[in-house]
Amino acid sequence: MEHWDVHRPPRAEGKTFLVTGGNAGIGYFVAEQLAGTGATVLLGSRDAGKADAAMASIRSHVPDAKLGHLRLDLSDLASIQSTVDTLGLDRLDAVVCNAGVLLEDQPRRETAEGHELTFATNHLGHFVLVDQLMPLLEAARAGRVVTTGSFVGKSAQLDLDDLQSEQDYQPKRTYARSKQAQMLFAFELDRRLRAAGSTVLSVVDHPGGALDSLTPPRPVHPAPGGRKFPAGLLLQGKDAGAWPAVRAVLDPDVRGGEMFGPRVFGLRGEPRREPVRGRLADTGLAARLWAASVGLTGAEVTR
């Protein structure tokens with residue numbers, strides 16, 4: 001589909017999508033926009049109260065929205081299998097791996113399982129989640145794994161010898177590396193799915209530069225500040241930041257291993273395919289990260 005209208009995506013009645021972190025930020029707008037297509041949208045969130053508030057907000061904009069909540073804590077790897085078991089689905093058409101944490105100005109923290117919190121939540125948790133969801137994705141006619149990376153993740157320098165940031169922890173750098181790990185995982189996943197003859201596609205998106213101050217108000221979202229002229233020229237709101245993920249889920253012409261981001265310098269605008277370059281195209285790095293992730297989680301994802 002060469003022309004993609006962000007305001008009129010294709011209908012998706014009868015399909016079911018899971019959006020991790022769908023209760024806030026870009027994930028919220030991904031969920032709201034997907035709900036507008038007639039699909040059933042499940043919000044993956046740790047907090048039932050926040051998920052309920054997000055669903056109420058979505059229904060105020062999409063009155064006939066079909067919504068549900070999956071209580072999901074990506075930082076608790078041991079809980080993910082039992083979480084997926086509660087879905088009660090016979091198939092899943094797409095999962096949007098969107099949830100993430102950035103612990104600014106905080107000391108390094110570990111999960112109960114001993115993993116650095118940012119890397120565990122953003123990458124390892126999604127690695128395990130996709131592993132557990134794969135039978136449901138395979139059962140769909142053309143399942144998709146859509147992984148939301150970030151603009152900073154494209155240029156990060158992932159250190160395979162210090163994945164847990166034990167040697168040198170810097171919150172923003174740890175975040176960028178975790179997002180690059182997610183993107184490398186998604187590209188490697190698609191290579192493995194193609195080699196296995198799977199019908200499931202793995203696609204990457206990133207939101208560009210998405211600011212709270214340029215985002216339309218929602219009850220679950222901070223009230224936007226004044227629109228500043230320079231920021232509005234270069235960046236966009238989180239509603240627009242959701243567009244690449246929504247296209248990656250819905251566009252019938254999407255192919256596995258593709259990446260979608262904003263049209264203007266990768267920072268703002270309608271979603272388009274982007275070339276996969278640099279470290280993101282390093283198949284050796286991705287394969288080594290995959291092996292390390294299997295070692296840290298025990299998940300194999302593709303068999």
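Every value quoted in this text rests on a predicted model; they were computed, and no experiment measured them. Throughout, residue positions are numbered sequentially from 1 according to the sequence presented.
Note that OG1 of T297 and CZ of F127 are 5.0 Å apart. Values are rounded to the nearest 0.5 Å. For the atom pair Q182 CD and S293 OG, the distance stands at 10.5 Å (nearest 0.5 Å). Summarising the geometry, atom CZ belonging to R177 is positioned 9.0 Å from atom CG belonging to L163; distances are rounded to the nearest 0.5 Å. Taken from CG in L193 to CG in L201, the straight-line distance is 8.0 Å, to the nearest 0.5 Å. Rounding to the nearest 0.5 Å places CG of L137 at 8.5 Å from CG of D93. Note that CD of E166 and CG of D159 are 11.0 Å apart. Values are rounded to the nearest 0.5 Å.
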Given the rule in the side-chain contact (heavy atoms from CB on, under 4.5 Å) test, do L42 and T16 qualify, once you have shown the distances and angles that lead to the verdict? CA-CA 8 Å; L42 306 176; T16 301; 4.1 Å; yes

For R91 and E138, what are the C-alpha separation, side-chain angles and deciding distance, and is it a salt bridge (Lys or Arg N to Asp or Glu O under 4.0 Å)? CA-CA 8 Å; R91 63 174 173 78; E138 294 277 9; over 6 Å; no

Begin with the C-alpha distance, continue with both residues' side-chain angles, and end with the deciding distance and a verdict on side-chain hydrogen bond (donor to acceptor under 3.5 Å, both in side chains) for T121 and S75. CA-CA 4 Å; T121 304; S75 70; 4.6 Å; no

side-chain contact (heavy atoms from CB on, under 4.5 Å) for Q170 and D168? Distances and angles first, verdict last. CA-CA 7 Å; Q170 299 176 36; D168 185 10; 3.3 Å; yes

Test Q132 against T83 for side-chain contact (heavy atoms from CB on, under 4.5 Å), laying out the working first. CA-CA 9 Å; Q132 295 298 316; T83 293; over 6 Å; no

Determine, step by step, whether E258 and V204 satisfy the side-chain contact (heavy atoms from CB on, under 4.5 Å) criterion, reporting the C-alpha distance in whole Å, the side-chain angles of both residues, the deciding distance to 0.1 Å, and the verdict. CA-CA 6 Å; E258 292 183 328; V204 173; over 6 Å; no

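R263 and R272 get closest at one heavy-atom pair: O-NE, 3.3 Å. When every heavy atom of R247 is checked against every heavy atom of V254, the shortest pair comes out as O-CG2, 3.8 Å. Scanning both residues, T302 and W290, for their nearest heavy atoms gives OG1-CZ2, 3.8 Å. Here the closest non-hydrogen pair linking A186 and T147 is CB-OG1, 3.6 Å. Of all the heavy atoms in V146 and A245, the pair that sits closest is CG1-O, 4.2 Å. Contact between Q33 and A242 at its shortest, heavy atoms only, is NE2-CB, 3.8 Å.
Residue pairs meeting the salt bridge (Lys or Arg N to Asp or Glu O under 4.0 Å) criterion with at least one member in residues 55-76, sequence neighbours excluded, do not occur. Contacts classified as salt bridge (Lys or Arg N to Asp or Glu O under 4.0 Å) and involving residues 25-41 (residues at least two apart or in different chains) are given here: E32-R218.
Classification of E116 and R108 as a salt-bridged pair fails, no side-chain N sitting under 4.0 Å from a carboxylate O. Look at R191 and E188 and you find a salt bridge, because one of the NZ, NE, NH1 or NH2 atoms lies within 4.0 Å of a carboxylate O, short of that distance. Checked for salt-bridge contact, K50 and D52 miss the test: no charged N lies under 4.0 Å from a carboxylate O.
Residues L102 and Y28 fall into different hydrophobic clusters, defined by Ile, Leu, Val, Met, Phe, Trp and Tyr side chains chained together at heavy-atom separations under 4.5 Å. Follow the hydrophobic side-chain contacts under 4.5 Å out from V152 and you never reach L280; the two are in separate clusters. By the criterion of side-chain heavy atoms lying less than 4.5 angstrom apart, applied directly or through intervening Ile, Leu, Val, Met, Phe, Trp or Tyr residues, L296 is not grouped with L117; the two fall into different hydrophobic clusters. Residues Y169 and L160 do not share a hydrophobic cluster, clusters being chains of Ile/Leu/Val/Met/Phe/Trp/Tyr side chains in contact below 4.5 Å. Residues V96 and V101 do not share a hydrophobic cluster, clusters being chains of Ile/Leu/Val/Met/Phe/Trp/Tyr side chains in contact below 4.5 Å.
Proximity of T20 to L72: side-chain heavy atoms (C-beta onward) are separated by under 4.5 Å at one or more points. Contact annotation: the side chain of F17 never approaches that of T40 to less than 4.5 Å [non-hydrogen atoms, C-beta and beyond]. A heavy-atom distance below 4.5 Å is not found between the side chains of V203 and V249. Within the 4.5 Å cutoff, the side chain of R273 has no heavy atoms near those of the M259 side chain. Contact annotation: the side chain of K154 never approaches that of Q180 to less than 4.5 Å [non-hydrogen atoms, C-beta and beyond]. Looking only at side-chain heavy atoms (C-beta outward), M134 and V200 come within less than 4.5 Å of each other. In this structure, the side chains of V130 and C97 come closer than 4.5 Å at one or more pairs of heavy atoms. Taking 4.5 Å as the limit, some side-chain heavy atom of Q236 sits within range of a side-chain heavy atom of P262.
Although no hydrogens or angles enter the test, the distance criterion places a donor-acceptor pair under 3.5 Å between the side chain of E113 and the main chain of A78. In terms of modelled atom types and a separation under 3.5 Å, the side chain of T174 and the main chain of P171 share no donor-acceptor contact. Using a distance-only test at 3.5 Å, with no hydrogens or angles considered, no donor-acceptor pair links the side chain of N23 to the main chain of S45. In this structure, S150 contributes its side chain and G153 its backbone to a donor-acceptor pair below 3.5 Å. For the pair R268 (side chain) and A240 (backbone), a donor-acceptor distance under 3.5 Å is absent. K172 places no side-chain N or O within 3.5 Å of a backbone atom of D105 that could act as its donor or acceptor partner. Listed for the S198 side chain is no donor-acceptor partner under 3.5 Å among the backbone atoms of R194. Side chain of D205 to main chain of P244: no donor-acceptor pair is present (N/O by atom type, distance under 3.5 Å, no hydrogens or angles).
Under the 6.0 Å cut-off for aromatic ring centres, F260 and W243 do not qualify, their centroids lying 6.0 Å or more apart.
Of the residues L18, V84, L43, the one that meets the side-chain contact (heavy atoms from CB on, under 4.5 Å) test with L70 is L18. For the side-chain contact (heavy atoms from CB on, under 4.5 Å) test with L34, the passing option among V62, I58, V19 is V19; the others fail.
Note: F185 and H123 have perpendicular aromatic rings, judged against thresholds of 30 and 60 degrees for the angle between ring planes.
Open room surrounds NZ on K15; 12 or fewer heavy atoms of other groups in view lie less than 6.0 Å from it. Atom CZ of R192 sits in a crowded spot, with more than 12 heavy atoms from other residues, nucleotides or ligands closer than 6.0 Å.
Inspection of the R279 and Q157 side chains reveals an N or O donor paired with an N or O acceptor under 3.5 Å. Defined by atom type and a distance below 3.5 Å, a donor-acceptor pair is present between the side-chain atoms of H115 and Q164.
Residues passing the side chain to side chain donor-acceptor pair (under 3.5 Å) test with S202: none are found, sequence neighbours excluded.
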